[in-house]
Protein chains: 2
Amino acid sequence: MTLAEKAYDALRHDIIRGAFAPESPLRLADLSERYGMGFSPLREALNRLQAERLVTAESLRGFRVAPLSLDELHDAIALRIQIESEALRSAIRLGDDAWAAGIVSALYALTLQAGRTGAQADIWALEARHHAFHRALLVACNSPWTLEFFERLYAATERYRIPVLLAATRPAGRDVQAEHKALAEATLDRDAGKAVVVLREHYLRTAEDIERAIPAQDGDALPAKAAV
Amino acid sequence: MTLAEKAYDALRHDIIRGAFAPESPLRLADLSERYGMGFSPLREALNRLQAERLVTAESLRGFRVAPLSLDELHDAIALRIQIESEALRSAIRLGDDAWAAGIVSALYALTLQAGRTGAQADIWALEARHHAFHRALLVACNSPWTLEFFERLYAATERYRIPVLLAATRPAGRDVQAEHKALAEATLDRDAGKAVVVLREHYLRTAEDIERAIPAQDGDALPAKAAV
DNA sequence: ATTCCAAAAACTTTCGAAAATCCTTCTTGC
DNA sequence: GCAAGAAGGATTTTCGAAAGTTTTTGGAAT
C-alpha cells in the first residue's frame, strides 16, 4: 500500500469521524506532521477526497473539511431512500444464498457489537458493523454505480450520525436493533414492499435523531465538533 | 487556475472524448510532455479522476483509462433514468421562471448547433449544448447530490456516445432533436408523467444507438478507439 | 528449445526545495 | 485617527531528483 493510499484512508476516516471541525483548514504542514509523510501523498489524498465531496478546495488557498448543513443532510437522506429502495428491490430479486447468508452474518455481528457495553463497547467497531450490514443488504443489486453512490452517501450521512453515536444515549422510544432485524427479515422473506417501507422509516428516524441531537442554530451550518 | 486544475480539465475532456483508448496506461512521462507540466499536478488530477471512476489505479503500477463495457453502459443508463426521472419531477414541482427560461434557451442553442452542417458542424460544441440542455432540465431539483450524480453518470455514459456522434450518420428512424423538443415541452407544460416517459424513451433509444454502433464482440469489453 | 535468474531499463512514488501566492503587520501619508 | 500600500511571514503549488518497484532483457543451465 502506498503512502498516498494510507493518507487517503486515514484522512477519510478522520473526517467522517469528526476528528477535524467542519470547514476547518487542512494545512499541509499540520497533516504532514500528523500522518508522518511529505506533502505529495497528502495532496493526492486530498484531491480524491475533494472529488468525493468530503473536502473542499480553493485555488491557491488549500483544502478545508467540507461543511455540514441540515439541507445537505436532508438531501442525502432523501436520495439514500430513493436509491437504496430501488437497490434493495433489485437485490431481493437477484440475490442468491450467499447474499442472504451475508445479511444474516452481518446482522449477527452488528447485533453482537451493539449489545456490548462498558469496556467492550466500541463505537467505531459498531459503526463498521453498521456500514457492513447496510452494504450487505444491497450488494446483490448488480449495479456497481448504485453501490458507488451508496458508499458516497453513506459517508456523507455518517458524518452527521457520529455525534448521535458519541452521545451514546439510547434515543427514547426507539429500538434501532429491532429496526435492523425487521429490515433483514423482510429482505430475507423477499418481501420487497415491506423491506423498502422499513428501510425508509429507519432512515427517517435516524434523520430525526440527528436533528434532535443538534443544538438549535440560527443559520444552516452545523456547529463544529471538537477533535475526537 | 492552478496547473492541477488545468490538468484535471484537460484529462477529463480527453478521456471522455476518447483521445485515449480504454484501459490504455496513462504514463506520467507521456502526460507530462502532452500537457506541458510536471508530475505533481498530473498525479493530483489523476487521483481526482480515479475517484470519479474515469481512470483506474493500481498500487505502484500507475493509472489507466477506465474500461468500457456494455454491462456498465446498461447500469449507468438505468440509473440515469431512475435518478433523473425523480429529479425531473422535483424540478417540475419546484422550478421557477428562470429555470423554464434556461430550458428554452438551452434547447434553442442545442437545436441551432444540431442544425449546422459542413464546416460549421462542430461535434464538440454540439456535445456541450447537449450536456447543458439535459442539465438545465434538472437544475431546479434542489438536490446538490442528485446533480452531482447526474454529472458523474453523464460523463460515464458520454464516453459510450462519442463514437455514435463521430459516426455522424443520422440513425435511421430517429429524430433526436424532436425528442429533445418533446422533452422540453412536456417539462415546460409541467406534465411530469409525460416528461419522465419521454426522458426514459430518449435514453433507451440512445442506448440502442450505441449498441448498434458497436461491432459485435466476444466478451464484454468494448473495442479501443483510436486517438482523436 | 525452455526455464530460471540476474541485471538493466522503465516507471511510479515520494521527498525536499524553489517558486508563486495569499495573509498579516507595520509603516507612511493624509 | 485612518486608509493605502509595502514588507515580511505563512501557505500552497510546482518542479526536479532520489528512492523504490515492476517489467523487460539477456544469458546460463537444463
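Because only heavy atoms are used, hydrogens play no part in the values below, and waters and symmetry mates are left out as well, while side chains stay in. Predicted, not measured: the structure shown is a model, and the values here were computed from it. In the text below, chain A, chain B and the rest are named by the order of the sequence lines, each starting its count at 1.
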Handout entry: Residue from B/Arg135, B/Glu84, B/Arg161 passing side chain to side chain contact (heavy atoms under 4.5 Å, CB included) with B/Tyr154
Key =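 With B/Tyr154 as partner, B/Arg135, B/Glu84, B/Arg161 yield a single side chain to side chain contact (heavy atoms under 4.5 Å, CB included), made by B/Arg161.
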Practice task
Could you point out which residue of A/Asp71, A/Asp75, A/Leu70 forms a side chain to side chain contact (heavy atoms under 4.5 Å, CB included) with A/Leu73?
Solution key: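 That would be A/Leu70; it is the only one of A/Asp71, A/Asp75, A/Leu70 passing the side chain to side chain contact (heavy atoms under 4.5 Å, CB included) with A/Leu73.
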Which one, [options], comes nearest to the side chain of [X]?
X       : options                : answer
B/Leu60 : D/dT14, D/dT21, D/dT11 : D/dT21
A/Phe39 : D/dT12, D/dC15, C/dC11 : D/dT12
A/Arg61 : C/dC23, C/dC15, D/dC15 : C/dC23

Handout entry: Row check, A/Tyr203 ring normal vs A/Arg80 NZ/CZ: under 6.0 Å, within 45°
Key =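 Judged by the rule (NZ or CZ under 6.0 Å from the ring centre, within 45° of its axis), A/Arg80 counts as positioned above A/Tyr203.
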Once you round it to whole Å, what is the distance between [atom2] of [N] and [atom1] of [X]?
X       : N      : atom1 : atom2 : result
B/Glu44 : C/dT12 : CD    : P     : 17 Å
B/Asn47 : D/dT14 : CG    : P     : 14 Å
A/Arg43 : D/dC15 : CZ    : C1'   : 13 Å
B/Glu5  : D/dT12 : CD    : P     : 15 Å
B/Leu42 : C/dT13 : CG    : C1'   : 14 Å
B/Met37 : C/dA19 : CE    : P     : 19 Å

Handout entry: CG (A/Asp97) with more than 12 external heavy atoms under 6.0 Å
Key =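 Atom CG in A/Asp97 is not crowded, with 12 or fewer foreign heavy atoms closer than 6.0 Å.
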Using a heavy-atom cut-off of under 4.0 Å over every strand shown, decide if [X] touches base, sugar-phosphate, or nothing.
X       : value
B/Leu28 : base
B/Thr2  : sugar-phosphate
A/Glu58 : sugar-phosphate
B/Phe63 : sugar-phosphate

Exercise for the section: Look at the rings of B/Trp145 and B/Phe149 and say which category their plane angle falls in: under 30° parallel, 30 to 60° tilted, over 60° perpendicular. Expected result: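 If you compare the ring of B/Trp145 with that of B/Phe149, the planes turn out tilted.
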Problem - Residue met sooner reading DNA chain C from 5', once B/Ser40 and B/Gly62 are mapped to nucleotides - result: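 Whichever sits nearer the 5' end wins; that is B/Gly62.
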